[in-house]
Amino acid sequence: MSTNILTGNKSPAILLGAAAAGFVVGLAANFGRKAVVQGMTAAQGEWDEGLKAEHRLTLRLFDAIEKTDASQTWKRGMLLTQLKHALAKHAYEEENVVYPAMRDHGQVEDADQLVHDHGYVKQYLYDLGEMPTADPEWIAKVREFRREIEAHIAQEEDALFPRLRAALGKEGNAHVTAEMNKAGFAAA
Ligand SMILES: [Fe+2]
Ligand SMILES: [Fe+2]
C-alpha cells in the first residue's frame with residue numbers, strides 16, 4: 001500500500017495493481033486530484049500563507065518525483081498528474097485574484113512577468129507529458145523545471161507578495177483571502 005504524498009492517506013488505487021491498467025490509471029488520477037484538492041482546501045489562513053503552503057506541497061511533489069528511478073514509470077506518471085492538478089489550482093488562484101490585485105496596486109510589470117512564468121510552467125508540464133518518463137532527459141527536465149519554479153516561488157514569497165500585503169491593508173488582505181478561496185473552490 002502506498003501513501004499519498006500530500007495527504008498521508010493510504011491510496012486503495014495502488015492495491016489494484018497492474019490489472020486493467022487503463023482503468024487503474026484513471027481511478028488513481030481521480031484519487032490524486034481529490035487528494036490534492038482536499039489537501040489544499042485544508043490550508044487555512046491569509047491568502048499569502050495559503051499560497052506558501054501550496055508552494056511547499058508543490059516542492060514535496062518534486063521531491064517525490066526526484067526520488068523515483070527510471071523503472072518507476074507508473075509512479076512518475078501519477079506524480080506528474082498530481083503536480084498538474086496542484087499547479088492548475090494554484091495558477092487559477094494567482095492569475096484570477098492575486099495578480100489582478102497586484103496590478104491594481106501598481107505592480108503591473110511584476111504581475112505580467114509572473115503570468116509569463118506560468119505559461120512556461122504549462123510548457124514544462126506539456127513537454128514532460130510528451131516524453132517517455134523512463135527517458136533520462138525526462139528527469140533532467142524535471143530538475144530544470146524545479147529550479148525555475150523555485151526561482152518563481154522565491155520572487156513571490158520574498159518580494160512581490162509581501163509588497164502586495166503591505167499595500168492592501170487589513171480589509172484589502174481579508175478581501176483577497178476571501179476571493180482567492182472562492183477561486184480555489186471553483187478550480188477544485
Ligand atoms: Fe505563481
Ligand atoms: Fe505561487
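Indexing begins at 1, ligand by ligand and atom by atom, following the structure's order. Here the structure is a predicted model, which is why all the values come from computation and not from measurement. If you read the sequence from its start, that first residue is 1, and numbering goes on from there.
- The closest donor-acceptor contact from the side chain of His90 to the backbone of Ala86 lies at 3.5 Å or more, if one exists at all.
- Residue side and main chain included, Glu156 places an N/O/S atom under 2.8 Å of the Fe ion (ligand 2).
- Aromatic rings of Phe145 and Tyr120 (six-membered ring for Trp) have centroids beyond the 6.0 Å cut-off, not under it.
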Should His152 and Glu156 be marked as a side-chain hydrogen bond (donor to acceptor under 3.5 Å, both in side chains) after you check the CA-CA gap, both sets of side-chain angles, and the distance that decides it? CA-CA 6 Å; His152 177 89; Glu156 288 182 338; 2.8 Å; yes
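- Under the 3.5 Å distance criterion, the side-chain polar atoms of Asp135 are left unmatched by any main-chain donor or acceptor of Met131.
- Within His152, the N, O or S atom lying nearest to the Fe ion (ligand 1) carries the name NE2.
- Note on His118: its N/O/S atom closest to the Fe ion (ligand 1) is NE2.
- For a distance bound of 2.8 Å, the N, O or S atoms of Glu94 include one lying that close to the Fe ion (ligand 2).
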